[in-house]
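Only a predicted model underlies this, so the values are computations on that prediction, with no experimental measurement involved. Chain identifiers are assigned alphabetically (A, B, ...) following the order of the sequence lines, protein sequences preceding nucleic acid strands; residue numbering begins at 1 within each chain.
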There are 2 protein chains.
Amino acid sequence: MAGHSHTHPDPGNDLDGRVEAVLDRLRADGGRVTSGRRAIVLSLLSARDHHVTADDLARAVQLDHPDLHLSTIYRTLEALEQLGVVTRADLGQGRAVYHPVERAHHHLVCEECGALTEVPEEVFAPLTDALRARYGFHASSHHIAVSGQCRDCASRA
Amino acid sequence: MAGHSHTHPDPGNDLDGRVEAVLDRLRADGGRVTSGRRAIVLSLLSARDHHVTADDLARAVQLDHPDLHLSTIYRTLEALEQLGVVTRADLGQGRAVYHPVERAHHHLVCEECGALTEVPEEVFAPLTDALRARYGFHASSHHIAVSGQCRDCASRA
DNA sequence: ATAATTGCAAAGTCTTTGCAGTTTG
DNA sequence: CAAACTGCAAAGACTTTGCAATTAT
């Protein structure tokens with residue numbers, strides 16, 4: 001993403017603006033905005049190419065807000081999820097990752113090395129279409145996790 | 001409930017024989033066969049159309065073996081999984097279901113009512129082929145859980 | 001005999017929840 | 001001010017593990 005070179009050294013696209021937009025949605029929903037929440041949203045949006053666990057987020061945010069408790073992270077993530085801002089994807093084993101709702105995608109989880117691969121939704125569309133047609137089942141847009149072996153682990157075997 | 005043979009070998013398929021076959025594999029692997037393990041295997045194979053959780057299995061087996069502990073179930077399931085006799089499928093939220101390795105299939109998990117739908121592997125084959133071709137990712141045969149809304153819950157919405 | 005299995009209790013993960021004190025709008 | 005958020009501690013669901021006692025082979 002080539003940056004606009006005028007006055008803002010903003011990475012990619014206007015991060016602060018997007019953060020504020022999310023916070024506004026929170027407010028519009030009757031929620032309050034605290035510095036903790038702002039930090040959480042910022043961290044979440046900054047890492048939009050990564051998937052973060054609640055714990056990842058806690059560690060990141062706690063650099064600046066040492067007292068921000070994990071339970072707050074969970075509660076904030078829950079609020080954001082309800083707003084449709086983030087998606088939670090269960091990877092199995094009780095772990096879940098969160099990420100901003102942008103590109104719809106699914107996940108490949110390597111059972112051996114744990115590697116996470118993102119796959120655009122389109123790849124899954126034929127499947128989800130078939131599930132709807134044949135089973136009446138409406139798959140969630142961001143919640144499919146496929147486990148197996150990643151390329152490296154498979155070739156090593 | 002048609003289990004009782006008069007004098008026939010079981011019409012559908014010989015359950016006892018299959019149980020013993022599994023137990024033999026256990027022995028062949030250096031394992032021991034206990035009455036608890038036999039009961040677990042029997043219960044597992046009897047319910048092959050159902051998916052059972054470790055807890056389901058415990059409740060079933062404990063009718064006859066009241067002292068059989070949940071940890072034993074888990075350990076036995078782990079052994080059976082290593083033998084390739086059962087598969088464990090993570091459904092998200094830390095829950096897992098086990099079932100004998102027979103028909104390869106995947107799962108649709110309704111986020112609202114929890115309903116579990118089995119889908120034969122063939123339906124997923126185009127997807128898993130694509131994942132292999134495009135990402136080098138080898139999906140496990142029995143481990144895909146798709147969450148979403150089942151037909152009933154979707155129509156109710 | 002001896003290595004595997006078992007029950008039990010305890011610990012481990014990840015997540016959720018009840019409360020009382022703080023803060024936001 | 002009232003409603004919403006927060007930290008804390010505790011609980012919850014599910015699974016794993018260390019041990020000494022038991023049991024299969």
Do [X] and [Y] make a side-chain contact, defined as non-hydrogen atoms from C-beta onward lying under 4.5 Å apart?
X	Y	value
Glu118(B)	His99(B)	no
Leu44(B)	Leu77(B)	yes
Pro126(B)	Pro126(A)	no
Leu42(B)	Leu15(B)	yes

Task: Nucleotide range of DNA chain C lying under 4.0 Å from chain B heavy atoms - done: dA3(C) to dC8(C)
- [ ] Please list all pairs passing the side-chain hydrogen bond (donor to acceptor under 3.5 Å, both in side chains) test where one or both residues lie in residues 147-157 of chain B, with sequence neighbours left out.
- [x] Glu112(B)-Gln149(B)
Task: Listed once per pair and sorted, the side-chain hydrogen bond (donor to acceptor under 3.5 Å, both in side chains) pairs that draw on residues 21-33 of chain B, sequence neighbours left out - done: Asp24(B)-Arg27(B)
Task: Of residues 54-61 of chain A, the positions that come close to DNA chain C - non-hydrogen atoms, cut-off under 4.0 Å - done: none
TODO: For Asp16(A), check side chain to side chain donor-acceptor pair (under 3.5 Å) against everything at least two apart and list the hits.
DONE: none
TODO: Looking only at non-hydrogen atoms, find the nearest pair between Cys150(B) and Cys110(B) and report the distance.
DONE: N-SG, 3.4 Å
Task: Pair His107(A)-Val146(A), side-chain contact (heavy atoms from CB on, under 4.5 Å): steps then yes or no - done: CA-CA 6 Å; His107(A) 303 103; Val146(A) 178; over 6 Å; no
TODO: Nearest whole angstrom, please: distance from the P of dC5(D) to the CZ of Arg38(A).
DONE: 14 Å
TODO: Using heavy atoms to find the nearest nucleotide of DNA chain D for Thr34(A) and Thr34(B) separately, return the residue whose nucleotide is more 5′.
DONE: Thr34(A)
Task: Electrostatic pair Arg59(B)-Asp55(B), nearest N-O below 4.0 angstrom - done: yes
Open item on the list: Run the side chain to side chain contact (heavy atoms under 4.5 Å, CB included) test against Arg95(A) and tell me which residues pass, sequence neighbours left out.
Closed with: Leu91(A), Gln93(A), Val109(A)
- [ ] With sequence neighbours excluded, tell me which residues meet side chain to side chain contact (heavy atoms under 4.5 Å, CB included) with Glu81(B).
- [x] Val86(B), Arg88(B)
- [ ] Kindly calculate the angle separating the two end axes of the helix from dA1(C)-dT25(D) to dG25(C)-dC1(D), each obtained from five base pairs, and round it to 10 degrees.
- [x] 30°
Task: Near-strand residues of residues 23-33 of chain A, defined as heavy-atom separation under 4.0 angstrom from DNA chain D - done: Gly30(A), Gly31(A), Arg32(A)
Task: Within residues 64-79 of chain A: residues closer than 4.0 Å to DNA chain D (heavy atoms) - done: Asp67(A), Leu68(A), His69(A), Ser71(A), Thr72(A), Arg75(A), Thr76(A)
Task: Working for side-chain contact (heavy atoms from CB on, under 4.5 Å), residues Ile40(A) and Leu57(A) - done: CA-CA 7 Å; Ile40(A) 291 172; Leu57(A) 221 36; 4.2 Å; yes
Could you list the donor-acceptor pairs under 3.5 angstrom formed by side chains in residues 65-73 of chain B, with sequence neighbours left out?
from: His69(B); atom 1: ND1; to: Ser71(B); atom 2: N; distance (Å): 3.1
from: His69(B); atom 1: ND1; to: Ser71(B); atom 2: OG; distance (Å): 3.2
from: Ser71(B); atom 1: OG; to: Arg75(B); atom 2: NH2; distance (Å): 3.3

Task: Pairs touching residues 110-140 of chain A that satisfy ring-ring contact (aromatic ring centres under 6.0 Å, His included), sequence neighbours left out - done: His106(A)-Phe124(A)
